[in-house]
Each structure stands twice: as C-alpha cells, then as structure tokens.
*Asks:* 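I'd like to ask you about the structure that follows.
Along the sequence shown, the residues carry numbers beginning at 1. Everything numeric in this text was worked out from a predicted model, so none of it was measured. Scope of the values below: all heavy atoms of this structure, side chains included, with no hydrogens, waters or symmetry mates.
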Amino acid sequence: MKLLLDTHVLLWAAGQPERLSAAALAWLENPDNTLMFSAVSLWEVAIKHALGRDDFQVDARLLRRGLLDNGYVELELNSAHAVAIDTLPPIHKDPFDRILIAQAKVEGIVFLTADALLAPYSASIRLV
C-alpha cells in the first residue's frame, strides 16, 4: 500500500520515532507499504524552519536526502493536485495540509496524520 506521510509524521519518523504511536510504527515498518513524502512537506519544513519554529528545526535539504537514502518515494506537486483543492470542504484552513490531502486523493493513496482535524476529509486518511 502507498502511504503519504503528513509533515509531522514525516519529521517524527525521520528524527523522533519515539513520538510515533504503535499504530504509526506498524504502518511504517510494514515492508508491504511504500512510504512517500511530498515536495509540499519539504516546502513547509523550509518555510517554518526559516521562521524559527521550534518544531521545525531540521534542514529541508538534509531531510530530503535522508528520506531518499532510506527508501522513501518523493511525490512531486503537479497541477492536478492544485486544482483538486476545490473539491475539499473548508474543514481545515492550513494550506499545506489541504494540498497534501488533495495529493493523496488525486493519487489514490493513504494519508497518515496525527491531526484529528483532518480525518473527516476522506476515508483514506489514517490517524496515527
């Protein structure tokens, strides 16, 4: 199964695995799953790191290299993802979360998140 990781889940998997739930670890450690990260998450990390956010103290370049070196697959942003935003109800205002959900929806992949506010968007969202 293809899994797109929300930015926080991605950061925890890469640098703070102790913050992941048992359910998240089970999804991530299952060899049958393809772990994916979005270019959008790296964009979010770069912006929030530059703003000095305490929860984004990682260099996006190093994060990307580490993810690729560990077998994660990069999901690039394209126009189909961008225009799918208009199919999402205005449940959540964060533009990064909304485009990540749109990407998962367009690509037909499961989205792993720790953000309970995102769960109502789709049956393909898994709270971890």
*Asks:* Determine the minimum heavy-atom distance between Ala114 and Leu127, stating which atoms define it.
*Replies:* C-CD2, 4.2 Å
*Asks:* Sort out for me which residue in Thr34, Val110, Asn30, Asp32 forms a side-chain contact (heavy atoms from CB on, under 4.5 Å) with Met1.
*Replies:* Val110
*Asks:* Ignoring hydrogens and geometry beyond distance, is a side-chain donor-acceptor pair present between His81 and Glu76 at under 3.5 Å?
*Replies:* no
*Asks:* Check for me, please, whether Tyr72 and Val58 land in the same ILVMFWY cluster - side-chain distances under 4.5 Å, paths through other members count.
*Replies:* yes
*Asks:* How close do Thr87 and Ala84 get, heavy atom to heavy atom, and via which atoms?
*Replies:* OG1-O, 2.6 Å
*Asks:* Do Ser41 and Leu100 come within less than 4.5 Å of each other through their side chains, counting heavy atoms only?
*Replies:* yes
*Asks:* Compare every heavy atom of Ala14 with every heavy atom of Leu63, then report the nearest pair and how far apart it is.
*Replies:* CD1-CB, 3.7 Å
*Asks:* Under a 4.5 Å side-chain heavy-atom rule over Ile, Leu, Val, Met, Phe, Trp and Tyr, are Ile109 and Val9 clustered together?
*Replies:* no
*Asks:* Sequence neighbours excluded, which residues qualify as side-chain contact (heavy atoms from CB on, under 4.5 Å) partners of Arg64?
*Replies:* Phe37, Leu42, Leu68, Glu74
*Asks:* Are Leu4 and Ile91 connected in the hydrophobic side-chain network, where two residues link if heavy atoms are under 4.5 Å apart?
*Replies:* yes
*Asks:* For Arg61, does the CZ atom have more than 12 heavy-atom neighbours from other residues, nucleotides or ligands under 6.0 Å away?
*Replies:* no
*Asks:* Is the closest side-chain heavy-atom distance between Lys105 and Phe111 below 4.5 Å?
*Replies:* no
*Asks:* Given Ile99 and Ile85, is the side chain to side chain contact (heavy atoms under 4.5 Å, CB included) satisfied, shown in steps?
*Replies:* CA-CA 6 Å; Ile99 193 69; Ile85 290 289; 3.9 Å; yes
*Asks:* For residues Leu118 and Met36: do they belong to one hydrophobic cluster (side chain heavy atoms under 4.5 Å, members Ile, Leu, Val, Met, Phe, Trp, Tyr)?
*Replies:* yes
*Asks:* So which heavy atom on Leu28 is nearest to which on Ala13, and how close?
*Replies:* CD1-CB, 3.9 Å
*Asks:* Kindly indicate whether the side chain of His92, heavy atoms from C-beta on, has any atom under 4.5 Å from the side chain of Asp115.
*Replies:* yes
*Asks:* Is there a side-chain contact between Leu10 and Val45, using heavy atoms and a 4.5 Å cut-off?
*Replies:* no
*Asks:* Any heavy-atom pair between the side chains of Val128 and Thr113 that's under 4.5 Å?
*Replies:* no
*Asks:* What are the two closest heavy atoms between Ala116 and Pro120, and how far apart are they?
*Replies:* O-CD, 3.8 Å
*Asks:* Give the cluster check for Leu35 versus Leu11: same hydrophobic cluster or not, with ILVMFWY residues linked at side-chain heavy-atom distances below 4.5 Å.
*Replies:* yes
*Asks:* Would you indicate whether the side-chain heavy atoms of Phe96 and Thr7 approach each other to under 4.5 Å?
*Replies:* no
*Asks:* For the atom pair NE2 (His8) and CG (Asp55), what is the distance rounded to the nearest 0.5 Å?
*Replies:* 4.5 Å
*Asks:* In the structure I gave you, are the side-chain heavy atoms of Leu77 and Gln103 within less than 4.5 Å of one another anywhere?
*Replies:* yes
*Asks:* List the atom of Pro90, the atom of Tyr121, and the distance in Å for their closest heavy-atom pair.
*Replies:* C-OH, 4.3 Å
